[in-house]
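Structure, as structure tokens:
Per chain, numbering begins at 1; letters A, B, ... match sequence-line order. We use all heavy atoms of the structure for the numbers below, so side chains are in, but hydrogens, waters and symmetry mates are not.
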Number of protein chains: 2
Amino acid sequence: MDRRASGGVEDPLARFELTFLLGMGFQLLLNEFSRRLAEAGYAELRPVHGMAFQALRGHGATSSELAERLGVTKQAAGQLVKELEQRGYVRREAHPAGGRRRLVVLTDAAVRHLEVAGGILRELEAEAAQRAGRDDLDALRGELARLIHGMTGEALPPLRPVW
Amino acid sequence: MDRRASGGVEDPLARFELTFLLGMGFQLLLNEFSRRLAEAGYAELRPVHGMAFQALRGHGATSSELAERLGVTKQAAGQLVKELEQRGYVRREAHPAGGRRRLVVLTDAAVRHLEVAGGILRELEAEAAQRAGRDDLDALRGELARLIHGMTGEALPPLRPVW
DNA sequence: CCCCGCGAGTAAAGATGCTTTACTAGCGAA
DNA sequence: TTCGCTAGTAAAGCATCTTTACTCGCGGGG
């Protein structure tokens, strides 16, 4: 049986613009992600915190570098770091290059969070694959990747927590 | 030539979770949409205003109905309506059902905005289709529609302007 | 008939999470 | 030594939402 509406009732989603479809899909996945993350004990962390962890994973970064990667001002990044430090998710160490620089690095708690968050994201993707079929989901990923590359070239855009 | 990386350098996007890919694609399209809309003289309107126009198109609605469709409180919706009324995008008429109800309806200016915005969205989609191929883009639309239906059933989720 | 309660709408204050403006601190180079 | 660059911080401003608390109009039960 064909999944596409052929002669039956037209899918109302077919009338929506691509941008809306992307937005709806994103919002649905993200809401469910946040729900499960809160259930897992991370209700205090918003998506932007997870983005910060992503940006800091590996060798850490200065607050200003973090700001650039997140696409916000360095003041906003500084405040984020302060909160995360108070909650024990990052440490601020002496920066090898000296100056006023401080290197912000993840603690084990943040690394654990990244693992849990990643697990939930993969779980969501697996559930979608079960409904839509693994092949279709891989195709979706490929087409999204091409769309993104077509709009940005090689550089990856920052993912900001607001419209 | 195969588009998928087969033996060459792996696409860094292949490492990202589906949720991130959706978010990036959405944000890229939306940013470009906002840019062009501002260029077309609508710099004063944010995406949420366009969403409100969508929700009101046809027969209009009360502020409370609008609030529900946008997924915000009725106070927030009321403020939105006040702004839009001052700028001449909506009118508030007597509601046939009486009571305190006021029917919020679109003016011609709002209808024109919807046309311009729709044109830009279709333009963006056409450009993406030119890069990726019309078939691929249709496939993307179909897969997004299935993803959304898989998560919501028939009901369509509100599209809120924040994470 | 009256009041009572409900839903629509409004008003004001509060919360949040950014940006803007404006400063201080360390370092290297002219 | 002073100039200027960059990192970081502090405080205020601002946009946009929610919460709390009311007022208005109507219809129904006593």
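Atoms CD and CE, on A:Glu127 and B:Met151 in that order, are 8.0 Å from each other to the nearest 0.5 Å. A:Leu37 CG to A:Ile120 CD1: the interatomic distance, rounded to the nearest 0.5 Å, is 4.5 Å.
Residue-to-nucleotide proximity on DNA chain C shows that, of A:Leu80 and A:Gly98, the 5′-proximal contact is made by A:Leu80.
Residues B:Leu30 and B:Gln27 form no side-chain contact, since every pair of their non-hydrogen atoms from C-beta on lies 4.5 Å or further apart. In this structure, A:Leu124 and A:Arg36 have side chains that are in contact, with non-hydrogen atoms separated by less than 4.5 Å.
Across the protein-nucleic acid pair, B:Lys74 atom NZ and D:dT23 atom P stand 14 Å apart, rounded to whole Å. As rounded to whole Å, 16 Å separates atom P of C:dC6 from atom CZ of B:Arg101. Protein atom CD of A:Gln79 is 8 Å distant from nucleotide atom C1' of C:dC18, rounded to whole Å. Here the P atom of nucleotide C:dT10 and the CZ atom of B:Arg92 are 5 Å apart, to the nearest Å. When the C1' atom of C:dG9 is taken as reference, atom CD of B:Glu85 falls 13 Å away, rounded to whole Å. Between B:Leu66 atom CG and D:dC17 atom P the separation is 11 Å, expressed in whole Å. Atom CD of A:Glu83 is separated from atom C1' of C:dT16 by 10 Å (rounded to the nearest Å). Between the CZ atom of A:Arg100 and the C1' atom of D:dA7 there is a distance of 6 Å, rounded to whole Å.
Under 4.0 angstrom from either OP1 or OP2 of D:dC17 there lies no side-chain N or O belonging to B:Thr73. Under 4.0 angstrom from either OP1 or OP2 of C:dA8 there lies no side-chain N or O belonging to B:Ser63.
Nucleic acid contact class of B:Ser64 (heavy atoms, under 4.0 Å, all strands): sugar-phosphate only. Using a 4.0 Å heavy-atom cutoff across all strands shown, B:Gly78 reaches no nucleic acid atom at all.
Of the candidate nucleotides C:dG17, D:dT18, D:dA10, C:dG17 has the atom nearest to the side chain of A:Arg46. Considering only side-chain atoms of B:Gln75, the nucleotide from C:dG9, C:dT20, D:dT19 that sits closest is D:dT19. With distances taken from any side-chain atom of B:Ala76 to the nucleotides D:dT18, D:dT20, C:dG9, the minimum falls on D:dT18.
Remark: aromatic rings of B:His113 and B:Tyr42 are close, center separation under 6.0 Å.
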